[in-house]
Amino acid sequence: MTEERKKVTLTTLFSKARKGEPISWLTCYDYPTAFLQEQAGIDMILVGDSLGMTMLGYDSTLPVTMSDMIRHTQAVRRGAPNVFLIGDMPYMTYQASTEDAVRNAGRFMAEASCDAIKLEGGREMADRIKAIVAAGIPAFGHLGLTPQSVAALGGFKLQGKGADQAKRILEDAKILEEAGACAILLELVPDRLCKLITERAENSLIMSLGSGPDAHGQLLIYHDMFGLYPKFTPKMAKVFGNAGEVILNGLKAYHQEVKEKNFPTSENYFGMKDEEFEELTRSL
Ligand code: KIV
């Protein structure tokens, strides 16, 4: 049974934050999963460029293109018409110039009916955020572990462990907020740093991915939650169910049943009336 939900807007989200009600946020890349997330009452969906790894099997997010992102985001929007939908700007679609940034952000809004976009980076991206917001597009920042810069960061590891780096992240959050970011994702920073940034935020929602409980809300990668990414499960992910195992067992059973001629049975196909079949064979 499907249930119609009220559309989630920035007003809804800021009102939740004001009341201290945590916001739920998940990644999603396809229509059936989007449908389930909408039904489950999830507040926000990120069509992350992580789809390069989770859906397309690349080793990093860097090969993902705008066309990949638009195709998947459109499918997600069809499955989740009322969730607050954020399109993730892929590698080199905003780094080279503010013009690129505005044009590609605009594609997410016009072609995939997004509610906002997200891009990675601190103070060096403030002019991109400013220009996108000036074009009337809500923009999310992303600090801490930023996968598009994983080579420069020295791998997928905790960011802001030391006081100097933590201070820089805290300053970056303020700069992005002043540039107009309506939300900032903190990925893999220490919990106390996340708490400090959240307490100091005035006009931005602060969201946590592996950065502790004290943000305005939480993000998880859907594939990590359900055992659907075969290569690894990071510490920050909680596994809520092992769908990967359920599917694998189902696939093995299907393979076996076909091999042993136990599938299909008469419940799984249609017959034909005798007279029609006789007429058919006579005519051959
Ligand atoms: O692409 C993505 O899913 C992301 C998350 C890792 C935050 O940017």
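Note that ligands are numbered from 1 as they come in the structure, with each ligand's atoms numbered from 1 the same way. Sequential numbering from 1 along the given sequence is applied to the chain's residues.
The environment of Phe14 atom CZ is dense: over 12 non-hydrogen atoms of other residues, nucleotides or ligands sit within 6.0 angstrom.
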So what's ligand 1 close to, N/O to N/O, under 3.5 Å?
residue	atom	partner	partner atom	Å
ligand 1	1 (O)	Asp49	N	3.0
ligand 1	1 (O)	Asp49	OD1	2.8
ligand 1	1 (O)	Ser50	N	2.8
ligand 1	1 (O)	Ser50	OG	3.3
ligand 1	1 (O)	Asp88	OD2	3.0
ligand 1	3 (O)	Ser50	OG	2.5
ligand 1	8 (O)	Asp88	OD2	3.3
ligand 1	8 (O)	Lys118	NZ	3.0

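With sequence neighbours excluded, the residues that form a side-chain contact (heavy atoms from CB on, under 4.5 Å) with Lys259 are His255, Gln256. Residues passing the salt bridge (charged side-chain N to carboxylate O under 4.0 Å, His left out) test with Glu199, sequence neighbours excluded: Lys195.
Residues Glu99 and Tyr94 bring no donor and acceptor atom of their side chains to less than 3.5 Å of each other. Judged purely by distance below 3.5 Å, without hydrogens or angles, the side chains of Thr9 and Thr12 pair a donor atom with an acceptor atom.
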With a 3.5 Å cut-off and sequence neighbours excluded, list the donor-acceptor pairs that the side chains of residues 222-241 form with protein atoms.
residue	atom	partner	partner atom	Å
Lys231	NZ	Asp59	OD1	2.9

